[in-house]
Amino acid sequence: MALPNNYEAVIGLEIHVQLSTKTKMFCGCALSFGDEPNVHTCPVCLAHPGTLPTVNERAVRYALQIGLALDCEIAPRSIFHRKSYFYPDNPKGYQITQYDEPLAVNGRLGDVRIHRAHLEEDAAKTIHVGSSGRIHGSAQSLVDFNRGGTPLVEIVTEPDLKSPEEAREWAQLLRTTIKQLGVSDVNMEEGSLRVDANVSIRQTGASKLGTKTELKNMNSFRFLERGIAAELERQAAVLDAREEVAQETFHFDPRTGSLTPLRSKEYADDYRYFPEPDLAPLVSTDQMLEEARAALPELPANRRERYETELGLPEDAARQLAFDAELADFFERALQTADGAEPRTIAIWVTGELVARLREASDGEADPASSKVTPQALAALAGMVDAKQVTTGAARQVLATLVAEGGDPAQIVEREGLAQMSDAGELEAIVAAAIEAEPGAAEKVRAGNPKAIGPIVGAVMRETKGRADGGEVTRLIREKLGAG
Ligand code: ADP
Ligand code: ZN
Ligand code: MG
């Protein structure tokens with residue numbers, strides 16, 4: 001449901017990216033996912049007394065790359081702070097993070113300004129055991145310290161996003177950008193990319209921002225979009241009732257579409273931030289900066305540009321491919337194997353028909369890498385379309401078969417008899433028969449009504465099962481009826 005247009009939405013995102021370094025942020029423990037609980041721990045990340053943190057140099061290099069890719073100013077000197085809070089996922093009683101002197105500030109990605117990007121450590125993972133895990137009648141929480149101390153970059157945007165769709169699209173662009181850098185797995189389901197949304201509404205045209213609420217940890221892009229939409233709707237209802245939006249944090253449940261309040265906002269003072277006395281300030285050398293710059297790959301905006309200018313792709317397809325890491329990967333691989341197919345044809349089939357089919361088949365997600373269609377098969381199909389060996393309609397049927405069961409397009413065409421009719425004599429005979437079968441329509445066309453041609457074209461298409469080229473069929477019918 002759309003927001004009523006007397007209100008406008010204001011959205012800012014806070015994104016946590018787990019860096020894919022070998023070891024944790026401040027100790028030598030290995031990063032892991034899905035291992036036995038509490039096997040990647042040491043006195044440092046378990047906060048034994050007397051231990052000291054050491055900064056992970058690779059994490060700093062990765063964070064520099066993220067800062068540069070987001071067009072940020074890199075601080076010549078940044079410092080770590082302690083953010084104190086009490087929770088079982090946090091054995092030190094504080095998280096080491098950056099506060100008022102972060103590594104990177106004032107950036108931009110697409111149309112959205114980046115407020116800051118800073119380094120910090122992840123908390124451990126708490127697992128709440130439900131009723132089946134109750135011991136002596138009480139629910140239990142378990143803590144897995146494997147995740148505790150994983151390097152994170154937190155990215156905070158300015159509130160520049162204006163709709164749930166825009167927020168989703170932009171978050172996907174950010175994901176693609178970071179994926180391209182190769183500094184994180186950016187897997188939302190596994191939590192290596194976590195997105196919180198700050199949401200408010202105001203009367204359209206008002207200059208003052210409304211009170212914002214926060215939606216925590218939505219673990220897919222669709223849930224992010226739906227969560228924001230649900231919260232906007234809730235806030236509109238609050239204002240419609242002439243009440244005030246309270247500053248709150250919510251959890252969005254995608255199954256029920258409901259929003260549950262988590263806790264009221266903690267104020268910054270509660271965290272008692274102070275500079276981490278056990279770590280020296282972070283100063284990146286010119287050499288580190290140069291290396292980070294040199295390691296920057298082709299980013300989505302440049303890729304889009306290249307697709308348009310060098311490959312001649314239509315604007316929409318270029319953007320769709322460049323801003324979606326998985327789709328671009330697939331496209332690039334199809335390009336490499338393409339014998340004869342135009343990049344433009346491949347791009348149109350990937351972004352159009354393939355994405356649509358995959359979305360149908362898998363509830364809205366379209367990752368071609370996990371489908372049965374190989375880049376080679378898609379390129380071969382596009383080549384057959386270019387060479388007019390199959391009609392567009394027949395190619396659609398082939399693609400449907402490829403999505404359902406994989407295989408080789410040439411063989412599918414052969415097996416299902418979908419090759420485009422190249423025998424002009426055969427097609428002419430079928431056209432002649434169709435004109436005889438539809439005398440009424442034929443009369444109208446002869447009398448100068450070109451729109452009446454439909455039933456005759458339909459008859460030809462039925463007879464040829466889509467193997468004839470539509471343009472050629474129309475041309476032949478008109479020729480035979482003397483309608484030019
Ligand atoms: P806080 O001090 O509550 O953490 P910040 O100003 O640091 O708030 O902003 C945190 C996030 O919330 C940023 O992503 C920012 O863009 C966003 N934000 C700030 N104000 C609003 C608002 N009125 N509506 C929506 N988002 C907002
Ligand atoms: Zn450790
Ligand atoms: Mg803040």
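Order of appearance sets the numbers: ligands from 1, and atoms from 1 within every ligand. All values derive from a computational prediction rather than experimental measurement.
- Ion pairing between a basic and an acidic side chain is recognised when a charged N comes within 4.0 Å of a carboxylate O; Asp196 and Lys216 show such pairing.
- Ligand-side atoms of ligand 1 in range of Val10: 24 (N), 25 (C), range being under 4.0 angstrom from any heavy atom.
- Which parts of ligand 1 touch Val156 is read off a 4.0 Å heavy-atom cut-off, strictly below it: atoms 13 (C), 14 (O).
- Ranked by closest heavy atom to atom 9 (O) of ligand 1, the top entry among Glu14, Lys212, Arg113 is Lys212.
- Among the backbone and side-chain atoms of His40, no N/O/S atom is found under 2.8 Å from the Zn ion (ligand 2).
- With ligand atoms numbered from 1 in the order given, ligand 1 contributes 16 (O) to contacts under 4.0 Å with heavy atoms of Glu158.
- Under the 6.0 Å cut-off for aromatic ring centres, Phe331 and Tyr307 qualify, their centroids lying closer than that.
- Salt-bridge annotation for Lys24 and Glu121: absent, with no side-chain N of the basic residue lying under 4.0 Å from a carboxylate O of the acidic one.
- The distance criterion of under 3.5 Å between nitrogen or oxygen atoms is met by Ser200 with respect to ligand 1.
- Taking the ring centre of Tyr94 as origin, the terminal cationic atom of Arg82 falls inside the region bounded by 6.0 Å and 45° from the ring axis.
- Counting only N and O atoms by type, the side chains of Ser141 and His128 include a donor and acceptor under 3.5 Å apart.
- Short contacts between ligand 1 and Pro159, defined as distances under 4.0 Å to a heavy atom of the residue, involve ligand atoms 16 (O), 26 (N), 27 (C).
- Ionic pairing of Glu158 and Arg116 is not present here: no N-O contact between side-chain nitrogen and carboxylate oxygen is shorter than 4.0 angstrom.
- Numbered from 1 in the order shown, with element, the atoms of ligand 1 that lie under 4.0 Å from a heavy atom of Leu13 read 14 (O).
- Rounding to 10°, one obtains 110° for the angle at the Zn ion (ligand 2) between SG (Cys29) and SG (Cys27).
- Tyr273 and Tyr99 have parallel rings, their planes meeting at less than 30° on a 0 to 90° scale where 60° marks the start of perpendicular.
- For atom 15 (C) of ligand 1, the choice among Ile11, Ile155, Ile114, Thr157 with the nearest heavy atom turns out to be Thr157.
- Between Phe252 and Glu231, the closest side-chain pair of non-hydrogen atoms is not below 4.5 Å.
- Residue Gly210 holds the heavy atom nearest to atom 23 (N) of ligand 1 of all those in Ala197, Gly12, Gly210, Ala9.
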